[in-house]
Amino acid sequence: MSGFDVNKIRQDFPMLSNGIKMQGHPLVWLDNASTTLKPQCVLDAVSSYYTHRTSNSHRGDYDLCAEMDREVEKTREIAAKLIGAEPREIVFTSGDTDSLNLVAECFAKEVLKEGDEILLTEAEHASNVLPWYRLQKECGALIRFIPLSKGGRVTIDNVRASISNKTKIIALAEVTNVLGYLLPTKEIAALAHEVGAYFVVDGAQSVPHKRIDVKELDIDFLAFSGHKMCGPTGIGFLYGKYDLLKRMDPYRLGGGMNVKFDVCGTASFLEPPARFEAGTQNLEGILGLKAAIEYVSSVGFENIEKREKELKQYAVNALKKTGAVTIYNEDSEAGIVTFNVDGVFAQDAATYFNSKGIAVRSGQHCAKILNDFLSTVATIRASFYFYTTEEEIDALVEAVKTCKGEYLNAYFI
């Protein structure tokens with residue numbers, strides 16, 4: 001895709017080009033950190049599975065099945081190229097949550113022993129907290145939290161001060177989903193490996209927005225959800241260094257992942273990644289993921305990063321001029337602005353914005369520990385992607401200006 005024309009790009013997205021409305025207003029989609037809109041090519045890819053290509057994979061000696069086998073492996077190759085991995089290091093999962101649980105259950109559970117330490121931060125999503133909480137109970141490992149900087153950033157100095165010879169797992173979001181700060185990923189990986197620890201990266205908010213090279217970063221595992229990058233829901237992948245994947249036994253057993261089993265109860269499993277992909281995969285999702293990766297790659301990650309940086313600064317400047325908001329992440333890297341309208345509860349404000357056709361996220365954003373750090377019970381999150389326009393941000397800003405007066409008058413007076 002040559003150049004970058006946001007208005008032309010928006011024509012690729014039916015949710016933006018078909019006149020979708022909320023509460024009688026044109027849709028203003030500012031909840032991209034939750035999920036992204038889908039271009040027509042992704043919809044076509046999913047539909048094609050049901051209309052022209054229905055088959056299982058690894059299940060039949062006929063053309064349709066053979067074609068599906070090829071499509072699955074082609075998608076694996078494309079996903080691997082996206083993050084600088086080898087195809088054999090890509091395991092298809094239902095998404096980021098499934099991937100992180102797979103690492104916790106099939107790898108970390110086997111390497112952790114009583115007294116070992118797992119390092120997290122207060123900014124982590126539930127998907128990167130709760131699996132480790134369970135391991136803390138089951139293995140006797142101890143969770144410790146790397147302190148955040150005053151603004152909410154993970155600094156290399158704080159990571160260094162938190163690591164000890166007891167550290168065995170460091171699990172962090174490369175870009176946090178509320179504040180949007182970017183990790184010093186490569187430096188953390190080096191510190192982890194110095195003490196023999198493993199570095200698990202939640203890539204839900206980073207892979208769709210910036211170029212990632214897992215080999216250069218030297219991370220051990222990376223989790224990803226396709227729906228965060230214009231793909232279907234229910235499909236994603238786990239990247240793992242191949243020697244680590246080979247050490248892991250699967251936690252889901254069934255067809256397509258075993259070599260053989262017998263009446264004596266013995267069973268042997270295929271090599272990774274097949275051993276982790278029991279049963280029928282989300283084949284329509286895999287086709288949609290392939291189309292999404294190809295589409296977003298054609299837009300270009302340099303274009304995406306540049307565009308989101310512009311949108312973030314535009315939004316911060318405009319919101320600050322209202323004099324009516326508290327912004328919690330003014331200097332973070334991601335296209336996320338987390339704020340509150342002064343004097344209005346976050347979810348009340350989001351409900352008011354909805355009356356203007358504006359979709360934002362409010363509440364705790366599945367990062368429930370972070371609220372203590374921010375000293376607030378809930379926040380509003382407006383998040384952008386490459387198809388977001390300044391005019392959509394203007395609509396949010398205008399709603400902020402009238403929010404307190406109109407909402408309080410309508411509902412409390």
Side-chain angles (χ1 to χ4, degrees), residues 56-59 72 75-76 79-80 85-114 116 118 120 124-143 168-173 197-204 214 219-227 233-262 264-283 285-286 289 366:
N56 213 322
S57 63
H58 305 296
R59 297 291 191 278
V72 169
T75 304
R76 201 185 307 276
E86 301 173 35
R88 65 179 184 167
E89 297 174 313
I90 300 296
V91 178
F92 289 122
T93 67
S94 67
D96 191 274
T97 299
D98 191 24
S99 296
L100 290 168
N101 276 271
L102 177 59
V103 174
E105 285 297 305
C106 299
F107 180 77
K109 193 173 184 177
E110 299 302 316
V111 302
L112 289 170
K113 61 183 185 299
E114 188 171 355
D116 286 344
I118 303 166
L120 310 174
E124 301 307 313
H125 188 280
S127 297
N128 197 35
V129 175
L130 298 183
W132 308 113
Y133 276 8
R134 182 165 60 190
L135 284 190
Q136 182 175 233
K137 293 180 180 179
E138 293 179 350
C139 302
L142 302 174
I143 289 176
K168 289 296 181 289
I169 300 287
I170 302 176
L172 304 173
Y198 301 97
F199 189 22
V200 181
V201 175
D202 175 354
V214 293
I219 60 180
D220 298 302
F221 295 97
L222 174 77
F224 168 72
S225 286
H227 74 97
T233 56
I235 186 66
F237 60 74
L238 170 68
Y239 156 78
K241 289 180 176 177
Y242 194 69
D243 63 328
L244 301 182
L245 291 177
K246 288 188 71 172
R247 291 171 54 182
M248 296 163 55
D249 286 328
Y251 73 94
R252 194 171 62 215
L253 308 178
M257 50 73 66
N258 66 83
V259 176
K260 63 180 181 178
F261 56 92
D262 59 31
C264 298
T266 59
S268 57
F269 304 134
L270 295 169
E271 293 296 302
R275 73 168 58 167
F276 304 108
E277 296 177 355
T280 297
Q281 298 301 294
N282 179 1
L283 298 174
I286 289 173
L289 178 63
C366 295

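Every value quoted in this text rests on a predicted model; they were computed, and no experiment measured them.
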Heavy-atom side-chain contact between Leu253 and Phe269 under 4.5 Å: yes
According to side-chain contact (heavy atoms from CB on, under 4.5 Å), who are the partners of Leu270, at least two apart in sequence or on a separate chain? Val259, Ala274
Using modelled atom types only, decide if a donor and an acceptor are shared between the side chain of Tyr242 and the backbone of Pro272 within a distance under 3.5 Å. yes
For Ala171, the side-chain contact (heavy atoms from CB on, under 4.5 Å) test, sequence neighbours excluded, returns Leu120, Asn128, Trp132, Ile169, Val200
Are Arg134 and Glu105 within salt-bridge range, i.e. N to O under 4.0 Å? yes
Taking the side chain from Arg252 and the backbone from Gly279, do they hold a donor-acceptor pair closer than 3.5 Å? no
Okay, side chain of Ser99, backbone of Phe237: is any donor-acceptor separation there less than 3.5 Å? yes
CG (Leu238) and CZ (Phe107) are apart, to the nearest 0.5 Å, by 11.0 Å
Over 12 foreign heavy atoms within 6.0 Å of CZ, Phe261: no
Interatomic distance, CD@Gln281 vs CD1@Ile235, rounded to 0.5 Å, equals 7.0 Å
Given 3.5 Å as the limit, does a donor-acceptor pair link the side chain of Ser225 with the main chain of Asp96, or not? yes
Hey, does the side chain of Arg76 reach the backbone of Ile90 with a donor-acceptor pair shorter than 3.5 angstrom? yes
In short, Ala126 meets Pro131 closest at the heavy-atom pair O-CD, 3.7 Å
Salt bridge (Lys or Arg N to Asp or Glu O under 4.0 Å) against Lys260, all qualifying residues, sequence neighbours excluded: none
Go through the structure and list residues passing side-chain contact (heavy atoms from CB on, under 4.5 Å) with Glu110, not counting sequence neighbours. none
For Val72 and Phe92: C-alpha separation, side-chain torsions, deciding distance, then whether side-chain contact (heavy atoms from CB on, under 4.5 Å) applies. CA-CA 9 Å; Val72 169; Phe92 289 122; 3.9 Å; yes
Check whether any side-chain N or O of Asp116 sits under 3.5 Å from a backbone N or O of Lys168 as a donor-acceptor pair, and report yes or no. no
Worked check of side-chain contact (heavy atoms from CB on, under 4.5 Å) between Tyr198 and Lys241: CA-CA 11 Å; Tyr198 301 97; Lys241 289 180 176 177; over 6 Å; no
List the residues meeting salt bridge (Lys or Arg N to Asp or Glu O under 4.0 Å) with Glu124, not counting sequence neighbours, and say none if there are none. none
For Tyr239, which residues count as a ring-ring contact (aromatic ring centres under 6.0 Å, His included) partner, sequence neighbours excluded? none
Any chance you could measure Glu277, atom CD, to Thr93, atom OG1, to the nearest 0.5 Å? 9.0 Å
Determine whether Phe199 and Leu172 satisfy the following criterion, side-chain contact (heavy atoms from CB on, under 4.5 Å), listing intermediate values before the conclusion. CA-CA 8 Å; Phe199 189 22; Leu172 304 173; 4.1 Å; yes
